[in-house]
*Asks:* 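Quick one: the structure is below, and I'll ask about it shortly.
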Amino acid sequence: KQCINAEYGVSNCISDAGCVRELFGGVSEGDVSVVQDVCNAVSNRAARLAAAGVHAIWLKRGEEEFVVAVDGSVFLKHATFADVMRNTLVELGCTVKLEVATDGSGLGSALIAAIA
């Protein structure tokens, strides 16, 4: 559909009731609210689970503070994913710093190819 594109993003679309109606056809306000609530719950859970994984690595390493490079369209383009992830790390008492890594997968592939 027109309301989802690279510039507008899915998360912005879900927060716009008109866009939800365009995606799903003739739906009621209640239906739109349910779709928005489900999308928010799923994205918040995903961000919190990702933060839990980073926290587990932080605990395993035993270092006071280190940086984790993050790459991916959900982290970069979702309206609240990065904030929820960072806030969850703070809740867990984790001092990890999340930094955006551009083309992290390409660099990782090159590194693996170089050592193989």
Side-chain angles (χ1 to χ4, degrees):
K1 294 277 185 179
Q2 283 296 323
C3 63
I4 297 180
N5 60 44
E7 294 163 16
Y8 194 52
V10 174
S11 61
N12 291 331
C13 175
I14 295 302
S15 65
D16 179 358
C19 189
V20 172
R21 278 193 206 86
E22 183 182 332
L23 278 171
F24 298 106
V27 295
S28 69
E29 288 294 322
D31 292 338
V32 169
S33 179
V34 168
V35 169
Q36 290 172 327
D37 290 346
V38 168
C39 290
N40 286 331
V42 168
S43 61
N44 284 339
R45 180 171 170 82
R48 292 180 66 80
L49 285 170
V54 170
H55 181 254
I57 294 167
W58 177 73
L59 289 173
K60 181 75 172 170
R61 289 184 58 143
E63 295 179 24
E64 186 63 28
E65 185 175 316
F66 65 94
V67 176
V68 173
V70 182
D71 184 20
S73 59
V74 174
F75 186 84
L76 297 173
K77 295 182 181 181
H78 188 280
T80 60
F81 193 92
D83 290 336
V84 171
M85 198 170 166
R86 285 186 177 104
N87 291 338
T88 301
L89 289 169
V90 169
E91 284 177 36
L92 294 170
C94 186
T95 56
V96 170
K97 185 175 180 182
L98 302 176
E99 291 289 334
V100 174
T102 56
D103 195 31
S105 59
L107 294 173
S109 299
L111 180 62
I112 295 298
I115 34 183

*Asks:* Grouping I, L, V, M, F, W and Y whenever their side-chain heavy atoms are under 4.5 Å apart, do V90 and L59 come out in a common cluster?
*Replies:*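 Different clusters.
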*Asks:* Using the salt bridge (charged side-chain N to carboxylate O under 4.0 Å, His left out) criterion, which residues pair with R48? Sequence neighbours excluded.
*Replies:*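 R48 satisfies salt bridge (charged side-chain N to carboxylate O under 4.0 Å, His left out) with E91 once adjacent residues are dropped.
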*Asks:* For the hydrophobic clusters of this structure (ILVMFWY residues joined by side-chain heavy atoms under 4.5 Å, transitively), does one cluster hold both V54 and F75?
*Replies:*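 Yes; F75 is reachable from V54 via cluster members.
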*Asks:* Can you get from V38 to V84 by hopping between Ile, Leu, Val, Met, Phe, Trp and Tyr side chains that sit under 4.5 Å apart?
*Replies:*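 V38 and V84: separate clusters.
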*Asks:* Taking salt bridge (charged side-chain N to carboxylate O under 4.0 Å, His left out) as the definition, give me every residue that meets it alongside E99, ordered by chain and number, with sequence neighbours left out.
*Replies:*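 Partners of E99 by the salt bridge (charged side-chain N to carboxylate O under 4.0 Å, His left out) criterion, ordered by chain and then number, come out as K97.
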*Asks:* Can you list the residues that meet the side chain to side chain donor-acceptor pair (under 3.5 Å) rule with T95, with sequence neighbours excluded?
*Replies:*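 For T95 the side chain to side chain donor-acceptor pair (under 3.5 Å) partners, ignoring immediate neighbours, are W58.
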*Asks:* Tabulate below the donor-acceptor pairs under 3.5 Å that side-chain atoms of residues 62-69 make, not counting sequence neighbours, or state none.
*Replies:*
| from | atom 1 | to | atom 2 | distance (Å) |
| --- | --- | --- | --- | --- |
| E63 | OE1 | R61 | NH2 | 3.4 |
| E63 | OE2 | R61 | NE | 3.2 |
| E63 | OE2 | R61 | NH2 | 2.5 |

*Asks:* With L49, which residues qualify under side chain to side chain contact (heavy atoms under 4.5 Å, CB included), at least two apart?
*Replies:*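 In terms of side chain to side chain contact (heavy atoms under 4.5 Å, CB included), with neighbours along the sequence ignored, L49 is linked to R45.
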*Asks:* Could you tell me which non-hydrogen atom of A51 sits nearest to which non-hydrogen atom of L89, and how far apart they are?
*Replies:*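 Smallest heavy-atom distance, with atoms named: O-CD2, 3.4 Å.
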*Asks:* Using side chain to side chain donor-acceptor pair (under 3.5 Å) as the criterion, list what pairs up with N87, not counting sequence neighbours.
*Replies:*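 Side chain to side chain donor-acceptor pair (under 3.5 Å) check on N87 returns nothing, list empty.
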*Asks:* Measure across A50 and F81 and return the closest heavy-atom pair with its distance rounded to 0.1 Å.
*Replies:*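 Shortest heavy-atom separation between A50 and F81 comes out as CB-CZ, 4.4 Å.
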